[in-house]
Amino acid sequence: MSKYARKLEKMESGKWFMKSVVLLGSGILCMVLLELLGALGSAVGVDFLEAMAETLSGVVFVVYLVGVLALYTVTGTWGYILHLFKEAFLLPWRFTPVIVLAWVFFLIELAIGFMLMAVVEIVVLFCPPLVLHLARNYYGNRSGAMIA
């Protein structure tokens, strides 16, 4: 069994995709509820509710980030995430070999590569179900397993 097949089996057996959906949904729900609490405190004029909502939203965000890091560590998707960053950074170089001849194009290509890496970072942080779905397909393709 290859390492990709083992990672795919680990993802499928633990139902990590659904757990990532629950993590994302609960994070969104908590943030919405805290925003409503802050809005209520602002409307009523109670500064304590606003301050509590701001503090708790920071705590919820940190807990969400720790949960995402734990999710990626348990599922073993760090290798795939590094693959995504590499592909995002090298994407412009795959389409235009003219960068060797012109530094202007090189700098433009470099800026595009960094921008795509930032997009990948945002997706990795704020959409774990998508990352796990893509990793599951990537590992399935690498191991030769069929994914239902």
Side-chain angles (χ1 to χ4, degrees), residues 1-95 99 104-143 145-148:
M1 181 179 266
S2 71
K3 70 177 182 175
Y4 298 113
R6 282 193 304 271
K7 287 183 180 186
L8 179 64
E9 178 64 31
K10 186 182 210 180
M11 273 186 205
E12 294 295 324
S13 67
K15 298 182 181 177
W16 289 105
F17 180 76
M18 286 308 296
K19 290 176 183 176
S20 69
V21 171
V22 168
L23 176 69
L24 180 63
S26 61
I28 291 171
L29 182 64
C30 285
M31 293 304 267
V32 166
L33 291 175
L34 290 172
E35 284 297 317
L36 289 174
L37 181 67
L40 176 69
S42 177
V44 175
V46 179
D47 292 333
F48 171 72
L49 287 178
E50 287 182 77
M52 186 174 72
E54 287 178 17
T55 304
L56 286 178
S57 65
V59 170
V60 166
F61 184 69
V62 169
V63 167
Y64 171 78
L65 286 181
V66 169
V68 168
L69 292 175
L71 176 75
Y72 291 154
T73 301
V74 169
T75 58
T77 54
W78 287 112
Y80 178 69
I81 291 170
L82 290 175
H83 170 76
L84 283 179
F85 275 108
K86 182 189 76 162
E87 288 295 316
F89 183 71
L90 295 178
L91 187 64
W93 278 268
R94 292 181 181 231
F95 297 116
I99 59 169
V104 173
F105 289 119
F106 176 74
L107 294 176
I108 291 170
E109 299 285 331
L110 193 64
I112 291 170
F114 282 126
M115 180 195 64
L116 289 173
M117 284 177 56
V119 168
V120 167
E121 178 183 346
I122 289 170
V123 168
V124 165
L125 281 177
F126 298 111
C127 197
L130 177 64
V131 172
L132 289 182
H133 175 71
L134 292 172
R136 189 175 69 186
N137 287 336
Y138 175 76
Y139 293 146
N141 289 338
R142 292 287 177 148
S143 68
M146 298 301 283
I147 298 174

Nearest heavy-atom contact between Ala135 and Thr77 is CB-CG2, 3.8 Å
Could you grab the distance from atom CG of Leu84 to atom OH of Tyr138, nearest 0.5 Å is fine? 9.0 Å
Using a 4.5 Å cut-off on heavy atoms from C-beta on, say whether the side chain of Pro128 contacts that of Tyr64. yes
Minimum heavy-atom separation for Leu134 and Tyr80, please, with both atom names. CB-OH, 3.1 Å
Nearest heavy-atom contact between Cys30 and Val60 is CB-CG1, 3.7 Å
Would you say Ser42's side chain and Gly38's backbone share a donor-acceptor pair under 3.5 angstrom? no
Side chain to side chain contact (heavy atoms under 4.5 Å, CB included) for Leu40 and Leu36? Distances and angles first, verdict last. CA-CA 6 Å; Leu40 176 69; Leu36 289 174; over 6 Å; no
State, with a plain yes or no, whether a side-chain heavy atom of Leu69 is found less than 4.5 Å away from one of Trp78. yes
Between Met117 and Phe85, which heavy-atom pair has the shortest distance, and what is it? O-CE2, 3.3 Å
Roughly how far, to the nearest 0.5 Å, is the CD1 atom of Ile28 from the CG atom of Leu23? 9.5 Å
Shortest non-hydrogen pair, Leu71 vs Leu132, comes out as CD2-CD1, 3.8 Å
Would you call Phe17 and His133 a side-chain contact if the rule is heavy atoms closer than 4.5 Å? yes
Minimal heavy-atom distance between Leu125 and Val68, with the atoms involved, is O-CG2, 4.1 Å
Euclidean distance, Met31 CE relative to Leu56 CG, rounded to 0.5 Å: 10.5 Å
Would you say Val124 and Glu121 make side-chain contact, with heavy atoms under 4.5 Å? no
To the nearest 0.5 angstrom, please state how far the OG1 atom of Thr75 sits from the CG atom of Leu8. 11.5 Å
Look at the side chain of Tyr72 and the backbone N and O of Val131, then say whether any donor-acceptor pair between them is shorter than 3.5 Å. no
